Student: 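Sharing a structure, written as structure tokens. Questions coming.
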Number of protein chains: 2
Amino acid sequence: MKNRELKEAGLKTTAPRVKILQILEKAKVRHLSAEDIYKMLVESGEDVGLATVYRVLTQFESAGLVIRHHFEGDSSVFELDDGEHHDHLVCVKCEKIVEFVDPIIEKRQLSIAEENHFRITDHSLYIYGICKSCNQLAS
Amino acid sequence: MKNRELKEAGLKTTAPRVKILQILEKAKVRHLSAEDIYKMLVESGEDVGLATVYRVLTQFESAGLVIRHHFEGDSSVFELDDGEHHDHLVCVKCEKIVEFVDPIIEKRQLSIAEENHFRITDHSLYIYGICKSCNQLAS
DNA sequence: CTTAATGCAAACCGTTTGCATAGAT
DNA sequence: ATCTATGCAAACGGTTTGCATTAAG
């Protein structure tokens, strides 16, 4: 039941919120834009406005249910926050995304912030490259 | 003379291009938005349109004179590309930016790409936080 | 019943583009 | 003289907001 998670986040149980949470949990792709989610809702016959999708995602973000990424480029993408921080390795050809965590990098980041007297709030590390399969296709 | 750099980049020597290049080279702040640059131009009495600032910056980017960053906030910022790679520590309050290079992180990134069979092309690491002075202002 | 959430359309904001004019070679 | 660059204003695309309506508790 999604109701539980919403309640705990202090959000009323409404159709759009439940639906969006379901989509985020069940989608085969982990990183979705507001537009992606909106389209999925429309396709599954839901009557939800794009504005609501944005509002809900923003609320989810504040509630810690979701993480918003500002990928280089146009729109933001959202992914479920399962509490496990990770960074991203992105294939610039096929857009495949591999998530990873590297304790050494994490530690160094903390040290760097500390050395510069910053109270760290967040960080984003994206490594861009070409994945194995794209690499094999002569380009 | 800026003419040389422009020529080498295959760009005609025009007043807006020369002026913008000068600003990027001389500004006390290394990372500037298009709007920042536009304001500086206007303040120094230049008759340049914002659209031109964007066009010129985009050309500079293609020419490798400048690097465009998409930080967390709204707009993009530009900095001179002096060929020295570095990452960024960004204050989310006052937007102060500290540049750094960490050899350990650099090395780990290579390993991670390799482990995942990615041929690395690029990467970006932004650490977001609150700097000392902003931290002291009770918020 | 009371107050918060939604849909719609309009507003926003950074950035881009079309077009007629000014400027570089 | 030729062809690119510029300024202006309008267009754009993602995101936010105002407001009347609907629904949750």
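What you are looking at is a predicted structure, and each value in this text was computed from that prediction instead of being measured. Convention: sequence-line order gives letters A, B, ...; per-chain numbering from 1.
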Student: Below 3.5 Å between N/O atoms, which protein atoms pair up with nucleotides 21-25 of chain C? Just atom names and distances, please.
Tutor:
none

Student: Given the side-chain rings of B:F100 and B:H88, with only the six-membered ring counted for Trp, is the space between their centroids under 6.0 Å?
Tutor: no

Student: Strictly by modelled atom types, are B:E95 and B:H31 linked by a side-chain donor-acceptor pair under 3.5 Å?
Tutor: no

Student: Just the rounded figure in Å: distance from C1' of D:dT6 to CD1 of B:I20.
Tutor: 11 Å

Student: Is there any protein nitrogen or oxygen under 3.5 Å from a nitrogen or oxygen in nucleotides 13-20 of chain D, and what are the pairs?
Tutor:
| unit_1 | atom_1 | unit_2 | atom_2 | d |
| --- | --- | --- | --- | --- |
| D:dT15 | OP1 | A:S76 | N | 3.0 |
| D:dT15 | OP1 | A:S76 | OG | 3.1 |
| D:dT15 | OP2 | A:Y54 | OH | 2.1 |
| D:dT15 | O5' | A:Y54 | OH | 3.2 |
| D:dG18 | O6 | A:R55 | NH1 | 3.2 |

Student: Hey, could you give me the CG/CD1 distance between A:L110 and B:I127, rounded to the nearest 0.5 Å?
Tutor: 8.0 Å

Student: Nearest whole Å is fine: how far is C:dC8 P from A:L41 CG?
Tutor: 13 Å

Student: Any idea which heavy atoms bring B:F60 and B:R17 closest together, and the distance?
Tutor: CZ-O, 3.6 Å

Student: Could you check how far CD of B:E61 sits from P of C:dT15, rounded to whole Å?
Tutor: 12 Å

Student: Write down the atom of B:I130, the atom of B:C91, and the distance for their closest heavy-atom approach.
Tutor: CA-SG, 4.0 Å

Student: For a quick test of reading the model, state the closest non-hydrogen atom pair linking B:Y38 to B:L50 and the distance between them.
Tutor: CE1-N, 3.4 Å

Student: List the atom pairs, with distances to 0.1 Å, where a side-chain N or O of residues 39-48 of chain A and a protein N or O form a donor-acceptor pair under 3.5 Å, not counting sequence neighbours.
Tutor:
| unit_1 | atom_1 | unit_2 | atom_2 | d |
| --- | --- | --- | --- | --- |
| A:S44 | OG | A:M40 | O | 3.1 |
| A:S44 | OG | A:L41 | O | 3.1 |

Student: Tell me the interatomic distance from A:D47, atom CG, to D:dA23, atom P, rounded to whole angstroms.
Tutor: 10 Å

Student: Would you kindly give the NZ-to-P distance between A:K19 and C:dG7, to the nearest whole Å?
Tutor: 13 Å

Student: Between B:R30 and B:E99, is the closest basic N to carboxylate O distance under 4.0 Å?
Tutor: yes

Student: Give the rounded distance in Å between these two atoms: CD1 of B:I37 and P of C:dT15.
Tutor: 11 Å

Student: Quickly work out the B:Y38 OH to C:dT15 C1' distance and round it to whole Å.
Tutor: 14 Å

